[in-house]
Amino acid sequence: MATNYDYEEAPATYDEAHRQDLGYDPNFVPDSVKSLVVHLYRHIREKNVYEIHQMYEISFQTLSDRLFKDTPWPSVDAVAHFVDNDQVFCLLYREMWFRHIYARLSPTLKQRIDSWDNYCSLFQVVLHSVVNMQLPNQWLWDMVDEFVYQFQSFCQYRAKMKNKTEQEIALLRQYDQAWNVYGVLNYLQAFVEKSNIIQILEQEKEGLEQFTATDGYDYSGGSNVLKVLGYFSMVGLLRVHCLLGDYQTGLKCLLPIDISQQGVYTSVIGSHITTIYHYGFANLMLRRYVDAIREFNKMLLYIYKTKQYHQKSPQYEQILKKNEQMYALLAICLSLCPQVKLVEETVNSQLREKYGEKMARMQRYDDEAFAIYDELFSYACPKFITPSAPSFEEPLVNYNQDAYRLQLKLFLYEVKQQQLLSGVRTFLKVYSTISLGKLANYMEVDDPTLRTILLTYKHKTHAVDSEGKVISNADVDFYIDDIQMAYTSNFGLTSG
Amino acid sequence: MRRERETPKQQQQQVSYTVEHLVAVNPYNPDILPDLENYVNEQVSSQTYSLDANLCLLRLYQFEPERMSNQIVARILVKALMAMPAPDFSLCLFLIPERVQMEEQFKTLIVLSHYLETGRFRQFWDEAAKSRHIVEAVPGFEQAIQSYAIHVLSLTYEKIQRPVLAEAINIEGLSLDKFLEYQAANSGWILEKGHGRGQLIVLPQNEFNHPELKKSDADSVPLEHITRIFPILG
């Protein structure tokens with residue numbers, strides 16, 4: 001179920017008449033589909049997680065490729081009687097049905113709204129009734145991932161007001177609760193709370209609980225659904241907060257997951273990548289460059305070693321895309337904080353190949369450099385959203401780029417403030433001591449200006465971590481002694 | 001029998017407990033917006049600070065822009081400035097729409113932040129003097145910025161000339177004398193007579209201004225130990 005992050009979807013004016021032209025009959029159920037739902041339903045009832053996973057991951061994909069390349073799957077009403085009209089199975093089927101639309105076709109506004117309703121119903125069932133299933137982690141991750149993706153997609157769609165038809169505007173006004181940001185955040189939060197996942201992870205550290213050891217599965221006859229959805233919702237919350245530009249809170253939501261270890265988040269490649277990508281990005285925006293570099297390095301190395309195993313998987317494209325984006329972010333981080341020792345051989349050589357030239361130009365801090373920072377940031381950043389509903393009164397405009405433009409602007413502002421640091425670094429690397437007067441001469445600035453440059457260097461290379469402690473990011477550092485001399489030393493950090 | 005009335009301090013503590021609790025358990029809820037706004041005013045008047053609560057409010061403003069109060073946002077930004085060297089000011093800006101940031105008072109605050117981020121203390125104090133109405137509305141502002149200035153100076157200098165220090169913390173003459181005496185007595189500062197260059201101040205040694213003291217990453221020095229703030233001088 002490769003989620004498609006390219007939000008430049010075809011215009012959502014895909015109406016019923018058009019669909020019927022393709023000869024799509026929602027009530028026609030090919031035998032292969034009947035067979036799939038019947039078997040899947042049985043496996044779910046019998047809790048055969050392995051078989052469920054095979055059918056979910058492989059069979060569904062194969063049938064989609066073969067029979068539903070550009071049409072929807074049969075409607076849930078058409079298959080319901082094959083599965084005893086089981087409410088939960090129908091909700092799960094519908095969730096996959098909509099996901100297929102988003103992945104292969106282009107959802108209409110009505111479909112977007114109906115998908116929201118389906119998630120609400122499905123989530124209510126999981127949150128408020130006793131669910132007795134065991135589903136594969138891949139499926140549970142995909143649900144959370146898709147939920148956030150459809151929210152992001154809806155915000156993008158809604159913010160393009162300019163060419164909306166009268167019907168679309170009427171529908172938007174009528175169903176103003178669909179994909180509202182409070183609903184999205186509160187469902188994710190509800191999963192975290194109701195599952196008690198934070199306490200479970202805490203108690204696991206003291207040996208009082210088993211969760212990670214069983215990959216989240218319940219081997220005592222219970223269900224893994226609520227717990228694992230709660231777990232993945234923490235990653236979902238990190239992602240939503242990044243989309244809103246609230247990096248601090250996003251990281252806070254992720255805190256109960258220890259990313260220095262393996263965990264349930266690494267049991268699904270999509271979850272692993274999404275977690276680290278957003279963790280790294282948030283730290284970049286918080287100016288904690290070393291933390292970002294460390295995690296990107298680990299993730300990129302892991303992908304390098306394991307991507308061959310995912311070649312046939314529907315996630316492959318996404319994996320490659322995120323891989324490229326993380327190299328771009330790594331290039332940015334290392335240009336702002338040259339701690340090359342933190343990067344492993346293999347990753348470094350890949351990085352040189354992809355961005356070696358651009359990184360050299362970024363460190364010149366001229367107009368061209370800013371253009372490259374702009375380019376890489378824009379390529380690699382999340383698809384930021386404006387969460388508020390549009391005003392339907394004003395002249396209809398497209399404001400879907402506003403959020404992205406703000407984040408970019410503030411990021412480049414920070415880059416600009418670091419403009420002079422590169423020059424200082426060069427001198428500090430060459431001299432072990434130098435008089436301030438001489439340094440001012442070489443840099444062609446007066447004494448007070450040199451002072452501000454040196455203070456800026458110190459401030460920008462000493463970040464405040466999450467506990468309020470000051471840590472140095474500086475690869476080369478100095479102090480001023482006896483007001484005339486600046487002593488330098490090489491404070492390289494090492495990886496690990 | 002008369003029941004003891006709660007002291008204002010006790011009442012205020014209850015308010016902060018309640019709001020922090022709300023932010024922790026029910027942050028995505030438009031109903032708590034007035035509580036969060038009151039809490040900003042609490043932070044201002046009682047010289048406390050909560051980044052999490054303020055980010056929560058800025059998010060709610062993002063969700064419902066018509067409820068945004070520019071005055072509250074300005075106060076949040078001033079408090080964030082006072083939290084430097086932490087990047088709180090930027091974190092808040094990420095959540096404030098561009099068109100709001102274009103307004104005069106926010107442009108001024110952004111300029112002030114820029115001066116502090118780039119060590120331009122003289123320009124900062126000049127600009128702050130021109131914007132007294134913004135910064136004087138928040139008690140403790142001056143001391144917080146002086147504290148930040150000393151933090152950056154302590155990262156940089158082992159010994160610093162009196163005029164450089166004076167410019168950075170915006171204290172001169174007799175007040176500066178008093179200040180230096182206090183720091184010498186309580187924070188380990190050493191005052192030296194410079195060689196015809198005026199007074200020299202020796203700042204306490206730490207791993208950032210004295211590389212021999214550099215420990216491994218595991219022993220990073222807590223912020224408080226460096227800044228060693230702050231006497232409330234009269």
Side-chain angles (χ1 to χ4, degrees), chain A residues 180-186 189 193 241 244-249 252 285-288 290 386-388 391 402-403 405-407 409-410 413-414 417 420 448 451-460 462-465 467-472 477-483 487-489 491 493, chain B residues 25-30 51-52 55-56 58-59 62-66 84-88 90-91 93-98 101 110 114 116-123 151-153 155-161 164 167-168 194 197 200 207-211 214 217 220-224 226:
Chain A
N180 75 92
V181 63
Y182 291 114
V184 172
L185 285 167
N186 280 314
Q189 179 77 354
E193 269 163 33
H241 284 284
L244 297 172
D246 186 354
Y247 309 107
Q248 170 90 356
T249 310
K252 242 187 154 188
M285 299 305 266
L286 264 118
R287 308 182 212 162
R288 297 195 196 137
V290 170
T386 304
S388 53
S391 158
D402 286 5
R405 270 207 303 263
L406 175 62
Q407 302 302 310
K409 177 178 172 179
L410 292 172
Y413 191 70
E414 176 65 33
Q417 282 180 348
L420 284 161
R451 268 206 303 276
T452 63
I453 293 172
L454 294 177
L455 289 175
T456 308
Y457 183 90
K458 278 292 190 174
H459 170 58
K460 293 295 188 187
H462 289 74
V464 179
D465 74 7
E467 277 130 45
K469 293 211 189 86
V470 175
I471 32 175
S472 170
D477 210 346
F478 69 92
Y479 66 96
I480 302 177
D481 178 28
D482 205 8
I483 64 153
Y487 291 84
T488 67
S489 33
F491 292 144
L493 299 177
Chain B
V25 307
N26 196 10
Y28 315 120
N29 176 5
L51 176 65
D52 285 339
L55 288 176
C56 188
L58 290 176
R59 277 197 313 265
Q62 214 192 22
F63 302 162
E64 293 175 77
E66 61 298 346
M84 285 190 77
D88 297 8
S90 304
L91 299 184
L93 282 189
F94 288 133
L95 295 172
I96 299 170
E98 209 175 330
Q101 293 187 30
I110 290 171
H114 177 70
L116 291 178
E117 286 285 335
T118 55
R120 292 179 166 96
F121 292 109
R122 188 181 53 77
Q123 290 95 317
H151 156 77
V152 186
L153 294 176
L155 291 178
T156 313
Y157 289 92
E158 222 187 29
K159 295 184 192 175
I160 186 172
Q161 281 175 301
V164 175
E167 182 183 84
R197 281 176 306 216
L200 266 185
E207 69 180 273
F208 303 114
N209 69 359
H210 215 88
K214 180 158 178 73
D217 285 327
S220 54
V221 183
L223 193 54
E224 311 80 60
I226 299 179

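Below, all heavy atoms of this structure are taken into account, side chains as well, without hydrogens, waters or symmetry copies.
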J.: Specify the closest pair of heavy atoms between B:Val25 and A:Glu193, including all atoms of both residues, with the distance to one decimal.
T.: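 Shortest heavy-atom contact: O-OE2, 3.5 Å.
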J.: Please confirm whether the backbone N or O of B:Thr156 pairs with a side-chain atom of A:Lys458, one donor and one acceptor, at under 3.5 Å?
T.: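 Answer holds: no.
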J.: To the nearest 0.5 Å, tell me how far A:Leu454 CG sits from B:Leu153 CG.
T.: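 Spacing of CG (A:Leu454) from CG (B:Leu153) equals 11.5 Å.
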J.: Atom CD1 of B:Ile160 and atom CG of A:Asp481: how far apart are they, to the nearest 0.5 Å?
T.: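 Those atoms lie 12.5 Å apart.
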J.: If you measure from OH on B:Tyr157 to CG on A:Leu455, what distance do you get to the nearest 0.5 Å?
T.: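 Spacing of OH (B:Tyr157) from CG (A:Leu455) equals 5.5 Å.
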J.: Side chain, backbone, both or neither: which part of B:Asp88 has an atom under 4.5 Å from a heavy atom of chain A?
T.: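 For B:Asp88, there is no contact with chain A at all, as no heavy atom is under 4.5 Å.
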J.: Who wins among B:Glu117, B:Glu167, B:Arg120 for the most heavy-atom pairs under 4.5 Å with chain A?
T.: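 Heavy-atom pairs under 4.5 Å are most numerous for B:Glu117.
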J.: If you measure from CG on B:Asn26 to CG on A:Asn186, what distance do you get to the nearest 0.5 Å?
T.: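 Reported to 0.5 Å precision, the distance equals 6.5 Å.
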J.: Residues two or more places apart in sequence or in another chain: which of them pass salt bridge (Lys or Arg N to Asp or Glu O under 4.0 Å) with B:Arg59?
T.: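 Salt bridge (Lys or Arg N to Asp or Glu O under 4.0 Å) list for B:Arg59, sorted by chain: A:Asp246.
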J.: By a 4.5 Å heavy-atom criterion (distance strictly below it), what part of B:Gln101 contacts chain A: side chain, backbone, both, or neither?
T.: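 Answer is side chain: those atoms of B:Gln101 sit under 4.5 Å from chain A.
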J.: State the CG-NZ distance between B:Leu55 and A:Lys252, to the nearest 0.5 angstrom.
T.: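 Here the rounded value is 9.5 Å.
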J.: State, yes or no, whether a side-chain contact exists between A:Leu244 and B:Phe63 at a heavy-atom distance under 4.5 Å.
T.: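 A side-chain contact exists here, since the closest heavy-atom pair is under 4.5 Å.
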J.: Which residues pass the ring pair (Phe, Tyr, Trp, His ring centres under 6.0 Å) test with A:Tyr247, sequence neighbours left out?
T.: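 Applying ring pair (Phe, Tyr, Trp, His ring centres under 6.0 Å) to A:Tyr247 gives A:Phe281, B:Phe94.
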J.: Looking at side-chain heavy atoms only, is the closest gap between B:Ser90 and A:Arg287 below 4.5 Å?
T.: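 The answer is yes, as the side chains (C-beta and beyond) meet within the 4.5 Å cut-off.
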J.: Find the one option among A:Tyr457, A:Tyr182, A:Tyr413 whose heavy-atom pairs under 4.5 Å with chain B are most numerous.
T.: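 The candidate making the most pairs under 4.5 Å is A:Tyr182.
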J.: Using non-hydrogen atoms and a 4.5 Å limit, figure out which bit of B:Leu51 sits close to chain A: side chain, backbone, both or neither.
T.: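 The side chain, not the backbone.
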J.: If we only count heavy atoms from C-beta on, is the A:Val181 to B:Gln62 side-chain gap below 4.5 Å?
T.: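 A:Val181 vs B:Gln62: side chains apart.
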J.: Could you tell me which of A:Leu286, A:Thr452, A:Thr386 has the largest number of non-hydrogen atom pairs under 4.5 Å with chain B?
T.: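 With the most close heavy-atom pairs to chain B, the winner is A:Thr452.
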J.: Between atom CD of B:Glu66 and atom OG of A:Ser388, what is the distance when rounded to the nearest 0.5 Å?
T.: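 Output value for this atom pair is 8.0 Å.
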